[in-house]
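Notes follow once the structure below has been shown.
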Amino acid sequence: MALLSDQDLQALALTLRLAGVVTAFLLSLGTPLAWWLAHATSRWRRPIAAVVALPLVLPPTVLGFYLLMMLGPDGVVGRTIAALGLAALPFTFKGLVVASMLYSLPFVVQPLTNAFESIGDRPLEVAACLGAGPMDRFFTVALPLAWPGVVTAAVLGFAHTVGEFGVVLMIGGNIPGQTRVLSMRIYDHVQAGEYHQANVLSLCLLVVSFAALLAMSLLRPRRYVRD
């Protein structure tokens with residue numbers, strides 16, 4: 001008997017695809033948000049930071065339920081999508097991407113915010129004195145100095161998305177080839193009493209998570225301490 005069935009491999013491939021897409025989107029959208037949170041003086045900064053951190057304390061099923069209501073045919077977002085002639089998001093891969101982005105948002109934004117805050121103002125002020133514009137200062141000074149935070153954000157976002165269950169169950173269901181990710185497949189095996197298959201898939205998740213954390217350790221630059 002093969003260690004992984006075709007359905008298991010399909011779930012594994014879908015999980016890695018979902019994690020990759022979500023991580024790419026979160027880095028693209030979360031980086032400017034983290035930059036704003038690190039430097040904004042607006043009174044809205046703390047409320048927005050609290051909203052970003054909400055998935056850290058909110059049960060995944062609660063977040064998934066409200067997303068299902070919002071994205072469903074009777075929800076505000078769902079009605080808007082329908083009015084635009086677009087397909088509904090619940091129980092689709094695109095819906096999983098949206099839900100996973102919201103659920104993994106703090107795991108990307110918070111490390112980036114901390115990295116930007118740790119840079120301080122002096123490197124940016126020096127670059128400004130040398131004639132660098134705002135965008136130039138960001139891409140040539142701030143982003144390279146914040147590279148350890150970028151690596152941490154990418155790895156945590158990817159690993160967290162790989163291990164999702166509650167949000168996936170609520171917004172995606174368990175549709176083979178579309179929304180059945182690895183965590184759902186493990187649940188199916190346990191429900192069926194197929195503990196050997198569940199163990200094999202759990203080990204796959206363990207290996208992926210360990211590899212992600214190891215990659216984070218290897219990619220982050222070392223700090224040398226002078227005697």
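Nothing here was measured: the structure is a model prediction, and the numbers come from that model.
- Residues Phe107 and Pro55 have side chains not in contact (no heavy-atom distance under 4.5 Å, counting atoms from C-beta outward).
- A donor-acceptor contact closer than 3.5 angstrom is absent between the side chains of Thr161 and Ser100.
- In this pair, Phe116 and Trp35 present their aromatic rings perpendicular. The plane angle is above 60°, beyond the 30 to 60° band.
- Looking at Gln7 and Arg185, their side chains do bring a donor and an acceptor atom within 3.5 Å of each other.
- No more than 12 heavy atoms of other residues, nucleotides or ligands sit less than 6.0 Å from atom CZ of Phe25.
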Candidate pair Ser5 and Asp8, rule side-chain hydrogen bond (donor to acceptor under 3.5 Å, both in side chains), full reasoning: CA-CA 5 Å; Ser5 66; Asp8 293 338; 3.1 Å; yes

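- In Tyr187, the OH atom is not crowded: 12 or fewer heavy atoms of neighbouring residues, nucleotides or ligands sit closer than 6.0 Å.
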Working for side-chain contact (heavy atoms from CB on, under 4.5 Å), residues Arg45 and Leu37: CA-CA 6 Å; Arg45 178 185 177 277; Leu37 289 173; 4.2 Å; yes

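- Atom OH of Tyr66 has 12 or fewer neighbouring heavy atoms from other residues, nucleotides or ligands inside a 6.0 Å radius.
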Val150 vs Trp147, side-chain contact (heavy atoms from CB on, under 4.5 Å): CA-CA, chis, key distance, verdict: CA-CA 5 Å; Val150 175; Trp147 177 247; 4.0 Å; yes

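- Here Leu27 contributes atom CG and Leu112 contributes atom CG; the two are 6.5 Å apart, rounded to the nearest 0.5 Å.
- Using modelled atom types, no side-chain atom of Arg180 and backbone atom of Ile175 make a donor-acceptor pair closer than 3.5 Å.
- Proximity of His189 to Val200: side-chain heavy atoms (C-beta onward) are nowhere separated by under 4.5 Å.
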Check against side-chain contact (heavy atoms from CB on, under 4.5 Å), Leu14 and Gln10: CA-CA 6 Å; Leu14 184 65; Gln10 187 180 59; 5.8 Å; no

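- Distance check: Leu9 CG to Leu201 CG gives 9.0 Å after rounding to the nearest 0.5 Å.
- Under the 4.5 Å side-chain criterion, counting only non-hydrogen atoms from C-beta, Val190 is in contact with Tyr195.
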Check against side-chain contact (heavy atoms from CB on, under 4.5 Å), Val181 and Leu96: CA-CA 10 Å; Val181 294; Leu96 278 189; 4.3 Å; yes

